[in-house]
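All of these numbers come straight from a predicted model, not from anything done at the bench. Below, chains carry the letters A, B, ... as their sequence lines are ordered, and counting in each starts from 1.
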Number of protein chains: 2
Amino acid sequence: MEEKKQATIVDVAKAAGVSVATVSRVVNGNYPVKRETQEKVKAAINSLNYVPNVQARELNTRKSTTIGVVVPGLHNMFFAEVIDGIEEAVRQIGFSFLLNCAKNDPKQESQAINALVARNVSGIIVISPNTKNIKESFYEKLVERVPLVFINGYHRINGVSYVGNDEQLGCKTALDYLQGLGHKRILFVRGDNSDSYDIKEETYRQVMTEDSNTAEAYIVNIGEGNGVDTVDATMAVLVKKLPQLKPTAIFCCNDLMAVGALNACKRLRLSVPQDISIMGYDNIALSRLVEPKLTTMDQNMFQLGESAAKLLIETIRGGKSKRILLDNVLVVRDTTGEVSR
Amino acid sequence: MEEKKQATIVDVAKAAGVSVATVSRVVNGNYPVKRETQEKVKAAINSLNYVPNVQARELNTRKSTTIGVVVPGLHNMFFAEVIDGIEEAVRQIGFSFLLNCAKNDPKQESQAINALVARNVSGIIVISPNTKNIKESFYEKLVERVPLVFINGYHRINGVSYVGNDEQLGCKTALDYLQGLGHKRILFVRGDNSDSYDIKEETYRQVMTEDSNTAEAYIVNIGEGNGVDTVDATMAVLVKKLPQLKPTAIFCCNDLMAVGALNACKRLRLSVPQDISIMGYDNIALSRLVEPKLTTMDQNMFQLGESAAKLLIETIRGGKSKRILLDNVLVVRDTTGEVSR
DNA sequence: CTGTTAGCGCCTTCAT
DNA sequence: ATGAAGGCGCTAACAG
């Protein structure tokens with residue numbers, strides 16, 4: 001109980017009657033050691049309950065087996081699933097990771113990253129890096145010091161790796177699908193301040209103007225798109241807009257908004273998908289939990305995290321930075337159907 | 001780009017024309033240093049972009065400012081919210097944390113913990129510690145080496161701190177509320193293998209037998225209670241049970257099950273809460289996102305995490321282990337109402 | 001095969 | 001107020 005300090009390699013060496021070097025060798029198994037000596041050492045390790053001090057090891061070898069992960073927050077299930085993927089990949093190669101939340105605050109983000117650097121992480125994954133920090137070339141300097149992978153960052157920085165989804169293509173796929181069902185009046189629902197929304201809006205404009213030019217009025221911004229209140233905010237806005245705009249389908253930039261749209265329809269006694277179709281984006285767990293289940297574009301968050309982790313490790317081991325773009329796949333469930341006539 | 005190795009304290013000392021001791025002093029501000037010398041050192045630090053190596057510092061001082069967190073997984077939003085609370089508390093005092101997922105696997109859990117110990121964490125928070133590991137006194141030995149806090153662990157271990165909810169009282173509150181609304185036939189929905197469910201079931205039995213003795217048939221187990229499929233599994237089971245049992249209310253051991261119950265009612269065209277009341281437990285974000293919004297018991301996960309982190313830090317600094325029991329509070333929303341007659 | 005030794009980057013007496 | 005030197009626990013040559 002009384003802070004009995006941990007056994008060190010010296011203690012083990014003493015107990016086994018060998019040198020510290022020998023202990024180190026059997027622990028790491030990187031040099032030949034005679035059978036019997038091994039036994040003795042292992043016995044000593046067990047009886048002393050010895051656990052090698054990774055900090056000391058890494059200080060010495062100037063390597064590090066922990067990486068840093070910076071995320072806007074855990075409230076959004078999207079991020080939780082990404083982290084799940086990172087965890088899986090990281091664990092498999094014996095690395096650990098330090099987690100930090102930046103809360104969409106550029107200062108908090110850069111502080112978190114400095115703390116990570118001080119702790120000697122061998123690389124950092126940043127999910128949705130803050131635009132302000134990017135602008136101020138914070139990351140340009142950082143990447144000269146430590147390997148960096150962005151998940152869902154939309155700006156190129158020399159030397160920074162990048163994993164993301166082809167949201168442009170994904171969005172087009174979704175819209176094409178809706179049009180294929182006969183929908184002409186498609187409402188576009190987005191949130192504030194995200195390159196992701198901008199990309200989708202641009203795609204929407206391209207796709208829609210080919211057929212119609214009503215697009216402008218059909219683009220609605222519901223404010224903060226990733227918060228706890230996104231669902232309710234979306235519902236509130238759509239309860240007003242829907243009766244006047246009378247779309248036959250709603251494309252939402254993420255599943256939270258889509259659930260909000262679904263709830264709005266319930267309020268208005270519009271039945272989905274008979275009266276109106278709803279399409280989400282992301283395929284977070286929530287999309288399968290509501291009734292009816294959401295049709296959505298799968299961003300495969302787990303794979304996003306997994307790829308990012310693998311890419312980072314690769315870079316740490318000397319690989320060059322690169323970009324990986326995953327394809328989104330359409331998941332048809334119960335909120336979309338042929339346009340009613 | 002080329003692995004330009006970090007500046008060390010020696011580099012700074014050289015650049016500033018002082019000794020390493022002096023640099024150390026201005027960095028840590030723990031000993032007096034003349035004004036001008038400070039300036040010189042700070043200038044050197046800036047120009048060299050020096051960041052103190054925490055690993056080396058901690059090796060030397062035998063202290064550590066990182067803690068470990070072990071969680072069953074991130075799929076369940078419950079855990080994500082707890083971690084959010086931990087993150088907040090930990091960051092405020094300048095600590096960091098390593099995150100590990102144990103996936104409900106006792107071996108993975110103990111491995112994760114060993115990795116944490118090797119990395120010299122100053123304490124560990126375990127969320128829902130695995131019963132098997134507890135039985136095998138894994139934790140009893142561990143706590144002699146490093147401070148431990150359990151969140152939602154239901155077994156006392158000497159020296160281990162504990163933060164949890166008074167689920168017994170919470171459950172009784174919920175049931176009383178339902179009975180106050182006039183409900184007699186209350187279905188009890190639980191999952192497999194969790195002390196949490198056992199406690200609630202026991203409470204249910206006590207409360208119910210006072211009035212009726214139909215309890216037995218009204219207890220239904222839907223299997224895995226925290227997975228991605230919990231909602232659907234619950235729905236499937238209840239779609240069968242509801243017509244035969246005809247309860248007027250359903251008490252669910254967590255919100256996932258409650259959403260499943262809600263979906264089952266939709267399928268059966270039972271309207272909630274007019275035909276039947278549904279009560280969840282936890283108050284995860286999801287409970288506010290469905291329509292109608294769930295009435296539930298708030299476990300305040302954020303506070304759970306925050307308290308655990310603070311308690312751990314306290315213990316690390318020499319405090320004695322203790323138990324904290326938070327009170328759950330009833331959150332009345334839209335899925336419960338007076339029994340219909 | 002095994003032992004000896006020199007650091008890794010930093011903090012901390014102990015002198016000055 | 002500052003510098004010199006020892007050591008935290010470990011690994012990696014270098015000898016034997």
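A side chain to side chain donor-acceptor pair (under 3.5 Å) with A:E58 is found for one member of A:T66, A:T65, A:N53 and no other, namely A:T65.
Counting heavy atoms from C-beta outward, B:V69 and B:I124 have side chains that stay 4.5 Å or more apart. Proximity of A:S196 to A:N152: side-chain heavy atoms (C-beta onward) are nowhere separated by under 4.5 Å. Two residues are said to be in side-chain contact when any heavy atoms from C-beta on lie closer than 4.5 Å; B:E88 and B:F302 meet this criterion. Contact check for B:L116 versus B:R119: no side-chain heavy atoms found under the 4.5 Å cut-off.
Between A:R119 atom CZ and C:dG9 atom P the separation is 18 Å, expressed in whole Å. Here the P atom of nucleotide C:dC1 and the CD atom of A:E39 are 14 Å apart, to the nearest Å. To the nearest angstrom, C1' of C:dC10 lies 13 Å from CG of A:N120.
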For each nucleotide in nucleotides 8-16 of chain D, reading 5' to 3', give B when a protein heavy atom comes within less than 4.0 Å of its base, S when such contact involves only the sugar-phosphate, and - otherwise. BBBBBB---
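The residues B:E314 and B:K310 are annotated as not salt-bridged, no charged nitrogen and carboxylate oxygen being separated by less than 4.0 angstrom.
Under 4.0 angstrom from either OP1 or OP2 of D:dT2 there lies no side-chain N or O belonging to B:S19.
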